[in-house]
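Every chain is numbered from 1 and lettered A, B, ... according to where its sequence line falls, protein lines coming before strand lines. Atom set for the values below is all heavy atoms of this structure, side chains included, hydrogens, waters and symmetry mates excluded.
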Number of protein chains: 2
Amino acid sequence: MARNIHRSPVMADVARLAGVSHQTVSRVLNDHPNVRPETRDRVIAAIEGLGYRRNSTARALVTKQTNTLGVVAFDTTLYGPASTLYGIERAARDAGYFVSIVSLRELTRDDLAEALDHLGRQQVDGLVVIAPQSAVAVALSQMPQPVPVVTVEGDADVGLPVVNVDQRRGGVLVTEHLLRLGHRTVWHVSGPQDWLEAEGRIEGWRETLLAAGAPVPEVLTGDWSPRSGYRCGQRLAGMADLTAVFVANDQMALGVLRALDEARVRVPDDVSVVGFDDIPESEFFAPPLTTVSQDFSEVGRKAIELLLDALAEEHEPARPPGEPPGGPAEDTPPPPHVVVQPHLVVRRSSGPPRAA
Amino acid sequence: MARNIHRSPVMADVARLAGVSHQTVSRVLNDHPNVRPETRDRVIAAIEGLGYRRNSTARALVTKQTNTLGVVAFDTTLYGPASTLYGIERAARDAGYFVSIVSLRELTRDDLAEALDHLGRQQVDGLVVIAPQSAVAVALSQMPQPVPVVTVEGDADVGLPVVNVDQRRGGVLVTEHLLRLGHRTVWHVSGPQDWLEAEGRIEGWRETLLAAGAPVPEVLTGDWSPRSGYRCGQRLAGMADLTAVFVANDQMALGVLRALDEARVRVPDDVSVVGFDDIPESEFFAPPLTTVSQDFSEVGRKAIELLLDALAEEHEPARPPGEPPGGPAEDTPPPPHVVVQPHLVVRRSSGPPRAA
DNA sequence: AAAGCTGATGTGAACGCTAACAATTAACGC
DNA sequence: GCGTTAATTGTTAGCGTTCACATCAGCTTT
């Protein structure tokens, strides 16, 4: 009686069919040299005949590599994180890795610790953490890291490899654009101040104003949501000398546009509005939004690139021979920091001030 | 010399420290009964003392369960899929599962096959496939399924468990809303016709019009993007008798609003516009958009619920005793089909027609 | 022609865990 | 008091790979 009819084939089955040992099958599978072509063909035929697929669990047990990368993300319903995640997933899969994801409910130390614990249980080979708050990056750096970690939009000063978009530069681009159009100064609706992205955009904006000798207005702070933008917009609508606003993301910019519209302030005739992110919708706002475009997929790709580098380094330590391990403190190179440049997309929401 | 200083502890280490056998450690870890409380405490102390963590790979090898669920998604940069994914991830993690994700580049049979192959290699215990096109659902149903599968937004007639939002009902809600406001008929900008969601919304819309004896205008077809909505909006702006439009998603609705605005058609005074999805932005469109809200997280949760049920069933087949396995064709229950109800969110983009 | 090498293959152990069974002890009933 | 049973623990054997090493032919080398 063939009672094993439903058991999926293992290496030994393939070996038997091909008339070789299981080890030879393993050699074929792992592209070892020193297998006679004829034997190789026979093994491959047996593999295909049986529909054999290597058991990755058993393999992981002995190689101690799961071929899985963990990704810790936050609020993946937003366009930016979602795009970054997509870029990461794609690059990782192209490199032959599985991607295990954990979305943080909240950007807290506990949630982060839980996420790392979860992925740790799964024995991921490496980790990408989207850490947009300085506190998160710091917390991360203080946790034990049994595997290589790359952060995205994280804090470069925290001692971990980082990939991020040059937020400061984005702020500069926007502010210069508006000043060049003839505006005396530019107001700013920022994201939450503990977010690194918000901070960078503020910096770029402030520096540019200062460099131009323009007055630096008080910063209005939102929380990235359209609603918070709307509230800030209502406050802005009451300002007499307002001619230009830089809003830290497109969603809030939408809220600002709405508030200005309700207050009968015309954009761009009365006030210029510039956003940040270039979400697919922003081209169709009323009016189409001038904004800053970030290549999120590129960020994801770079993050995986860095992680794979770290993984490779882990396996060939490349320690200079004769150097006793753990000996004199070699000057280890600083962790890599990849910066992706954003660019300005000019649309109709920005123009010269009315009474120039 | 302690040469193993960096080797992470295994069960045997814990056993040695606690003065028991490794099997007893295993029993403690798996909450087996019949372990003396005192022994249990000693083991737990040893585990904590050593910082021991069970090796999930070794465990998976023997239990043949990876505790990982695979998710196949498409275009996760969109709000809907991203939210669904989030719901899935959250529910799966709460249930103690890891989540491995694959985003399809394209909605093709080949891409799907590759994704399933990828996840198959990883030996996932179960699969959630977001299959918004009928063709995808069909292709999926024809592929070998070594593990339980649940589809989301898939085709209920294809023989696989499904969780979806009642799109038809959504179309009905919108159309009834507009007719009740006094519109003679309602135009429709649909999604791509091979998408099940697009189809369901069209159906609900058409049925409602027919039931009310209202004329059924030609359907304009978009591709979910704001740009396609804009193009359709331009065409609509030229229609003389237009008073109401149902747009199949909020992004396209934004495009329609933009086109109407450019054509000096006022919303809702001249034309009412209703969307679908209730993305966070839609409340701040000009004007705020009446739309249909779908509980994507609920969809994700339900999908995992179904999958876990299937997984549990797999292990306790619950076959009536005396019934020979593979014997007479028992009338297997139809695959479960969970439907989540959407609801209408009325905002300012819809109102009574001008010349009522 | 003996020794040495190289290429091709096989054998046994190990990875760290759980399942099945065996063994030991304590408790119980008549 | 002794078999019977239940509770607790240990022993052994895998799970399906890869790694380290052994083997064995067929060549070269001197």
Side-chain angles (χ1 to χ4, degrees), chain A residues 3-4 6-44 46-47 50-68 98 120-123 125 146 315, chain B residues 3-4 6-44 46-47 50-68 120-123 125 146 315-316:
Chain A
R3 68 188 187 291
N4 288 335
H6 285 307
R7 207 204 61 206
S8 56
V10 299
M11 230 174 224
D13 299 323
V14 175
R16 203 172 310 120
L17 181 58
V20 297
S21 75
H22 63 124
Q23 176 60 358
T24 297
V25 178
S26 173
R27 287 198 182 95
V28 171
L29 249 28
N30 295 323
D31 280 327
H32 274 233
N34 303 351
V35 176
R36 204 147 40 105
E38 184 193 307
T39 311
R40 179 183 304 273
D41 292 346
R42 229 169 49 239
V43 169
I44 289 175
I47 288 174
L50 256 44
Y52 167 78
R53 302 182 62 186
R54 170 161 62 187
N55 181 320
S56 64
T57 306
R59 179 163 215 256
L61 179 58
V62 48
T63 61
K64 299 191 180 318
Q65 301 237 84
T66 54
N67 258 285
T68 302
F98 303 113
R121 281 182 207 292
Q122 203 182 7
Q123 341 242 101
D125 292 343
H315 289 121
Chain B
R3 69 189 184 292
N4 290 334
H6 285 307
R7 207 204 59 203
S8 57
V10 300
M11 227 174 227
D13 299 324
V14 176
R16 202 173 310 121
L17 182 58
V20 296
S21 76
H22 62 125
Q23 176 61 354
T24 299
V25 178
S26 173
R27 288 197 182 95
V28 170
L29 248 28
N30 294 323
D31 280 327
H32 274 232
N34 304 349
V35 175
R36 202 144 44 102
E38 183 193 310
T39 311
R40 180 183 303 274
D41 292 346
R42 231 172 44 241
V43 170
I44 289 174
I47 287 174
L50 255 43
Y52 168 77
R53 301 183 62 186
R54 169 161 62 185
N55 181 322
S56 63
T57 305
R59 178 163 215 258
L61 179 58
V62 48
T63 61
K64 299 187 179 318
Q65 302 235 83
T66 53
N67 258 283
T68 302
R121 281 182 208 292
Q122 203 182 6
Q123 342 243 100
D125 292 342
H315 289 120
E316 27 129 323

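Partners of R54(A) under the side chain to side chain donor-acceptor pair (under 3.5 Å) rule, at least two apart in sequence or in another chain, are N30(A).
Using modelled atom types, no side-chain atom of T39(B) and backbone atom of V35(B) make a donor-acceptor pair closer than 3.5 Å. Although no hydrogens or angles enter the test, the distance criterion places no donor-acceptor pair under 3.5 Å between the side chain of D41(B) and the main chain of E38(B).
Tested against V28(A) for a side-chain contact (heavy atoms from CB on, under 4.5 Å), the candidates R40(A), Q23(A), R42(A) yield a single pass: R40(A).
Whole-Å rounding puts the Q65(B) CD to dC15(D) P distance at 17 Å.
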Step-by-step side-chain contact (heavy atoms from CB on, under 4.5 Å) determination, L29(B) to Y52(B): CA-CA 11 Å; L29(B) 248 28; Y52(B) 168 77; 3.6 Å; yes
Might you work through the side-chain contact (heavy atoms from CB on, under 4.5 Å) test for T57(A) and T66(B), ending with a clear yes or no? CA-CA 8 Å; T57(A) 306; T66(B) 53; 4.1 Å; yes
Run the side-chain contact (heavy atoms from CB on, under 4.5 Å) check on V14(B) and L17(B) step by step: do they pass? CA-CA 5 Å; V14(B) 176; L17(B) 182 58; 5.9 Å; no
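Taking five base pairs at each end of the helix from dA1(C)-dT30(D) to dC30(C)-dG1(D) and finding the rotation axis that steps the C1' atoms of four pairs onto the next four gives two axes whose angle is 50°, to the nearest 10°.
One finds the CD atom of Q123(A) at 8.0 Å from the CZ atom of R53(B) (value rounded to the nearest 0.5 Å).
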What does the B/S/- profile of nucleotides 8-17 of chain C look like, 5' to 3', with a 4.0 Å heavy-atom cutoff to protein? SBBBB--BBB
